[in-house]
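Remarks on the structure that follows.
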Amino acid sequence: MTYVQKAKENSPILTLDNICVNFYEKSVLKNVNVEFYPGEFVGLIGSNGAGKSTLLKIILGLLSPTQGNVRFFGESAKKGNRQIGYVPQKVFLEPNIPLRGRDLVALGLDGHHFGIPLPSKKRKKRVDEILEAVDATGYADSPIGKLSGGEQQRLLIAQALLTNPKILLLDEPLSNLDIKSAYEVTKLISEIGREKGVTIILVAHDMNPLLGVMDRVLYLAEGKSAIGKVDDVFHNDVLSNLYGYPVKVLHVNGRIMVVGGNNSGLNGDSNNNYCVESEVNI
């Protein structure tokens with residue numbers, strides 16, 4: 001029995017029911033229906049403008065869908081749910097900001113309050129525990145501006161985990177990392193999800209670091225969606241249906257390339273100019 005099959009023995013933790021989003025008469029998302037289960041790792045994949053960040057905002061309650069419902073443990077989702085952790089896209093940390101790694105993490109506990117938090121043994125213990133969980137104890141007292149991209153990303157993940165969320169949303173957390181750091185951060189996220197039973201939804205362009213750890217992939221294109229295992233979603237018919245034009249999934253030197261072109265090109269016409277939509281290793 002696969003991990004997802006085991007997860008599905010439980011009720012879904014998050015349900016997206018017929019989600020549609022329109023911006024100025026343009027359909028960004030069309031009838032997205034997905035159930036997420038406790039402890040599973042889902043990669044949210046798609047090109048720029050496919051609606052990935054929009055979908056995260058819907059889950060966070062920051063944006064209301066034009067149509068459809070979001071349910072968290074069967075109840076309507078609300079803004080400010082502390083059971084949903086979030087690591088935003090492109091967080092810029094000023095190199096000279098007088099903030100240590102542990103100070104950044106602690107904002108996950110009290111960053112929504114005004115004023116300077118009072119010292120507390122309980123608060124320090126919780127921060128120390130989560131720093132250890134993400135293997136960031138060694139640089140917890142270093143200025144955040146002096147840390148590498150991978151180290152900063154670990155701290156942001158720790159910050160999002162401080163409130164013991166049931167779901168962790170990560171918006172392009174690997175985009176500014178080198179290959180080694182991307183794989184290390186992905187492995188860390190996966191291990192935390194498994195150990196703590198946290199449902200992971202990670203947005204990415206490049207699926208390479210995710211393939212060994214994610215249970216399912218949610219692919220967005222032209223407002224439509226497909227959910228399933230990698231081999232089921234990365235299929236000619238499935239992606240052609242999403243894009244609305246012929247698409248072919250090519251296996252080249254251990255990699256998957258999704259290319260689009262006319263029918264003759266997909267049948268082997270060497271004169272056809274392919275458009276590479278995405279590429280992943282397997």
Side-chain angles (χ1 to χ4, degrees), residues 3 13 36 38-44 56 59-60 81-95 97-112 117 119-204 206 208-215:
Y3 188 84
I13 187 173
F36 299 93
E40 73 166 328
F41 191 127
V42 178
L44 178 52
L56 292 193
I59 296 172
L60 289 166
N81 190 337
R82 300 279 279 175
Q83 294 190 80
I84 300 179
Y86 174 56
V87 179
Q89 183 183 21
K90 297 180 181 178
V91 174
F92 177 75
L93 300 174
E94 174 61 44
I97 187 172
L99 202 66
R100 300 172 301 170
R102 66 171 60 252
D103 299 326
L104 176 66
V105 172
L107 291 175
L109 283 177
D110 43 47
H112 58 295
S120 161
K121 288 184 179 180
K122 182 178 179 180
R123 179 176 178 274
K124 182 179 183 301
K125 180 181 178 181
R126 178 60 185 148
V127 171
D128 286 341
E129 288 174 346
I130 205 68
L131 284 167
E132 183 177 355
V134 301
D135 197 22
T137 304
Y139 46 86
D141 293 306
S142 300
I144 57 174
K146 304 298 182 183
L147 301 178
S148 69
E151 290 169 339
Q152 290 181 352
Q153 197 60 261
R154 285 174 182 261
L155 294 173
L156 291 170
I157 293 168
Q159 182 191 90
L161 290 170
L162 263 184
T163 57
N164 290 318
K166 299 297 184 183
I167 298 176
L168 180 61
L169 309 178
L170 303 105
D171 194 357
E172 301 276 7
L174 312 178
S175 59
N176 296 318
L177 303 183
D178 57 45
I179 294 175
K180 181 175 182 293
S181 295
Y183 276 94
E184 289 176 348
V185 167
T186 303
K187 182 174 180 290
L188 167 70
I189 294 168
S190 174
E191 290 174 349
I192 290 175
R194 294 285 191 264
E195 291 172 5
K196 297 182 178 295
V198 179
T199 300
I200 306 294
I201 303 175
L202 190 153
V203 174
D206 182 8
N208 298 345
L210 309 184
L211 290 174
V213 297
M214 68 178 175
D215 300 299

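If you're wondering where the values come from, they're calculated on a predicted model, not measured in any experiment. Excluded from the calculations below are hydrogen atoms, water molecules and symmetry mates; all remaining heavy atoms, backbone and side chain alike, are included.
- L155 approaches A136 most closely through the heavy-atom pair CD2-CB, 4.0 Å.
- In the displayed structure, E132 atom CD is contacted under 6.0 Å by at most 12 heavy atoms of other residues, nucleotides or ligands.
- Nearest approach of A106 to R123, heavy atoms of both residues: CB-NH2, 3.3 Å.
- Between the side chain of D215 and the main chain of F41, a donor-acceptor pair closer than 3.5 Å is present.
- For the side-chain contact (heavy atoms from CB on, under 4.5 Å) test, residues two or more places apart in sequence or in another chain that qualify with K196 are I192, V198.
- Between the CD atom in Q83 and the OG1 atom in T199 there is a gap of 11.0 Å [rounded to 0.5 Å].
- Q153 contributes atom CD, which lies 7.0 Å from atom CD1 of I189 (distance to the nearest 0.5 angstrom).
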When you look at I200 and V213, which way does the side chain to side chain contact (heavy atoms under 4.5 Å, CB included) test go after all the steps? CA-CA 11 Å; I200 306 294; V213 297; over 6 Å; no
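- Rounded to the nearest 0.5 angstrom, K187 NZ and L210 CG are separated by 15.0 Å.
- A heavy-atom distance below 4.5 Å is found between the side chains of I59 and I201.
- Of the inter-residue distances, the one linking I179 atom CD1 with L174 atom CG reads 11.5 Å to the nearest 0.5 angstrom.
- Formation of a donor-acceptor pair under 3.5 Å by the Q159 side chain with backbone atoms of L107 is not found in this model.
- Residues passing the side-chain contact (heavy atoms from CB on, under 4.5 Å) test with I97, sequence neighbours excluded: E94, L99, I144.
- In terms of modelled atom types and a separation under 3.5 Å, the side chain of T186 and the main chain of A182 share a donor-acceptor contact.
- Atom-to-atom distance recorded for L161:CG and E129:CD is 12.5 Å, nearest 0.5 angstrom.
- Side-chain atoms of L56 and L44, non-hydrogen and from C-beta on, do get closer than 4.5 Å to each other.
- The distance from the CG atom of L188 to the OH atom of Y183 is 16.0 Å, given to the nearest 0.5 Å.
- The list of salt bridge (Lys or Arg N to Asp or Glu O under 4.0 Å) pairs with a residue in residues 148-158, not counting sequence neighbours, is empty.
- Across every non-hydrogen atom of V87 and A160, the tightest pair is CG2-CB, 3.8 Å.
- Residue pairs satisfying the salt bridge (Lys or Arg N to Asp or Glu O under 4.0 Å) criterion with at least one member in residues 156-169, sequence neighbours excluded, are absent.
- Taking the side-chain contact (heavy atoms from CB on, under 4.5 Å) definition, one finds that R100 meets it with R102, D103, D141, sequence neighbours left out.
- For the residue pair L147 and S142, the shortest heavy atom distance occurs at CD2-CB, 3.8 Å.
- For K180, the salt bridge (charged side-chain N to carboxylate O under 4.0 Å, His left out) partners two or more places apart in sequence, or in a different chain, are E184.
- The heavy-atom pair separating V185 from G150 by the smallest distance is CG2-O, 4.3 Å.
- For the side chain to side chain contact (heavy atoms under 4.5 Å, CB included) criterion with I84, the lone passing option out of L168, T163, L60 is L60.
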